[in-house]
Student: 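Mind having a look at this structure? Questions to follow.
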Amino acid sequence: MVVIDATGRPPMASGAVPRPVRSRNPLDHGVPTGREEAWRFTPLRRLRGLLAGPDADGKVSVTVSAPAGVAVEQLDAADPRIGRVLTPADRVAAFAMARAGGATAVTIPAEAALAEPVIVHLHGESPRTAAGAAAGVAYGHLSIEVGPFASATVVLDHTGSATYAGNVEVYVGHGASLTFVSLQDWDAGAVHVGAHAYSIGRDAKLRSFTVTLGGDLVRLNPTVEYRGPGGDAELNGVFFTDAGQHQEHRLLVTHTPRSCRSRVTYKGALRGDAAHSVWIGDVLIEADAVDTDTYELNRNLVLTDGARADSVPNLEILTGEIVGAGHASATGRFDDEALFYLQSRGIPPAEARRLVVHGFFAEVIDRIQVTEVRDRIMATVSGRLGETPAGDSTEAAAGAGAVVGAGAGPAGA
Amino acid sequence: MTAAVSTLEIRNLHVSVETEEGPREILRGVDLTVRKGETHAIMGPNGSGKSTLSYSIAGHPKYTVTDGSITLDGEDVLAMGVDARARAGIFLAMQYPVEIPGVSVSNFLRSSATAVRGEAPKLRTWVKEVKASMEALEMDPAFAERGVNEGFSGGEKKRHEILQMALLKPKIAVLDETDSGLDVDALRIVSGGIEAVRAKGETGILLITHYTRILRYIKPEFVHVMAAGRIVDEGGPELAAVLEDSGYDRYVKGDGAAAPAGAGAVS
Ligand SMILES: Nc1ncnc2c1ncn2[C@@H]1O[C@H](COP(=O)(O)OP(=O)(O)OP(=O)(O)O)[C@@H](O)[C@H]1O
Ligand SMILES: [Mg+2]
């Protein structure tokens, strides 16, 4: 597919995809007021001061279990591997890098074929205040490196409670293949802000899953860059946003070399008063990135009134010769006809809703090949659907129209 | 009211839908009785209210019953939720079955059989049962792993409906234009599936159709003609033959208040 706009001129920089300041120095990043594009959806007050980089007074413990041959080290702050993939694009990420005091590094050697996943368990151990909010601030940095032609699965499992600013750098070697799962299964009071930066080598493949279930506020910023042609990045995401939760995923995929592929698929379910999800999908195809193939999709299922899903795909294309580029975003309600169909087969309403939500998520979750993780996610989703949602009369979903809003756009629209 | 006879009784049924201009009455006094083992055909022109009747029996929330009653063995069906009606023994094969992405056919069938039977079917016998029923309908076993109706062709959706009927063994099955959109082969297979359920004599069948061709495979004892929201004529199988020749013209002129062609009421 060749993309040329209606005037017949080749594409130009439209600025659709923002270019933030990148610096390790927190003071190079302005203090957000909340009006900035990057911050306008985030409730700044609920960041518990992370924008000011307070001293750590809490703890997130890191436990790594890895098959033989995988190196797990503690890097000191001056180690050159820190910052190799990530240059912070906002204050919180910059403070996290400055205050983490080093990093936990996991290195998978070249040509290793891991039969078992590497599990990195991050557990927030911060005490709760009387109000039930996580008080303790903690910083963290993880550096994952997959050697050339290795294949591995790495799971990040976030549990417990903390006010956590944590960055993750993932360096995928040439010809390597990585499945990466980041599970945000925090307790209710947690705040988690993080930059997840992936660098994809030549002919390397990343298949990532970002699964956000818990926490009071989670704001993640996955970014993908390619170091050579033939890179392939699949960014999958699932979130379940309940009453009062804010879950934000801001993605940026930058196609610089030629012949790389990206696929972004995020699915979210929202329920209850003031449940708020934000999905920003930025894809930038630079001038030399001919033969690029990209598609991004976000679908949200709004289960009750009072929940809000913001979904903004941005595509900016600076070359006319690509294989394909597109995006789609749709936010809808329960399909009442589907619920009727299931109930007309004897299935009670609550179970019918559970089946529909499972089906909605299955497209993404079924691709996670780590059985324990997949089952745990489905069980958590089931468990939460089994509860009566706050502020919802269970029959309220009936009678509402099917799709609230839908949009799909071809390249350059 | 003996327990051995399952009887669906519809009396003076009036049904409205909400439209932008306010409520609109679609069914205007329908009377109908279907007993276990009987086969009734309801025929009628487009828009006469056939699907409205079937959805009203199943309890679709879009249709409001403003007058009349529906009972199953004396139980008030209208007081039951959609799922309770199914568990009470009512089954609706839909004219346009709904796609449910990501919910596999096998998971769906097992969930519904569990709900309707009141306990989870034993896994070993269940697998055999599903397999045999699918074979009878010439369905590829691969369908079991696909999403419910997801990407199914029109004919595949109808087979899937009849598969569900065979597995759920309802007391009363309403088949809303199960024949439409089927080619000759598919019509033969689907009719065979319906006939197999009927032959057991445990199910009363209400076969809704626009055309007479399915009646070559399934012989109803009773034929009802619906026009403009009412049953306007009733008779035996011979009425279907009359309709085959002359169509519905005589019923639609004068808004359904035309002279009947059949042989008197059957209810
Ligand atoms: N939800 C609705 N809103 C407005 N009008 C409706 C609705 N459902 C049905 N109707 C109208 O009620 C009438 C009867 O519709 P119904 O679908 O019951 O007819 P039918 O006999 O099944 O027709 P067909 O042979 O085309 O399937 C039609 O005029 C239809 O437009
Ligand atoms: Mg109809």
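Letters A, B, ... mirror the listed sequences (proteins, then strands); counts begin at 1. Values reported hereafter were calculated over all heavy atoms of this structure, with side chains retained and with hydrogens, waters and symmetry mates removed.
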Student: Do the ring centers of B:Phe143 and B:His160 come within less than 6.0 Å of each other?
Tutor: no
Student: Please classify the contact of B:Pro97 with chain A as side chain, backbone, both or neither, using a heavy-atom distance under 4.5 Å.
Tutor: both
Student: Only pairs of heavy atoms separated by less than 4.5 Å count here; which of B:Pro101, B:Ala115, B:Ser112 has the most with chain A?
Tutor: B:Ser112
Student: Relative to chain B, which segment of A:Phe360 carries a heavy atom at a distance below 4.5 Å: side chain, backbone, both, or neither?
Tutor: backbone
Student: Give a yes or no on whether the ring-centroid distance for A:Phe334 and A:Phe340 is below 6.0 angstrom.
Tutor: no
Student: Is the distance between the ring centroids of A:His249 and A:Phe239 under 6.0 Å?
Tutor: yes
Student: Do the charged groups of B:Glu195 and B:Arg198 touch, with an N to O distance under 4.0 Å?
Tutor: yes
Student: For the interface with chain B, which of A:Ala352, A:Ser344, A:Gly359 has the highest count of heavy-atom pairs at distances below 4.5 Å?
Tutor: A:Gly359
Student: What residue among A:Leu183, A:Asp375, A:Leu213 forms side chain to side chain contact (heavy atoms under 4.5 Å, CB included) with A:Thr380?
Tutor: A:Leu213
Student: So which residue, A:Leu355, A:Ile347, A:Val356, ends up with the most heavy-atom pairs under 4.5 Å with chain B?
Tutor: A:Ile347
Student: In terms of relative ring orientation, are A:Trp186 and A:His192 parallel, tilted or perpendicular, with 30° and 60° separating the classes?
Tutor: perpendicular
Student: Please determine, among B:Ser111, B:Ala58, B:Ala113, the option with the most heavy-atom pairs under 4.5 Å with chain A.
Tutor: B:Ser111
Student: Tell me, side chain or backbone of A:Glu363 under 4.5 Å from chain B's heavy atoms, or both, or neither?
Tutor: neither
Student: In terms of heavy-atom pairs under 4.5 Å with chain A, which of B:Glu99, B:Met94, B:His60 leads?
Tutor: B:His60
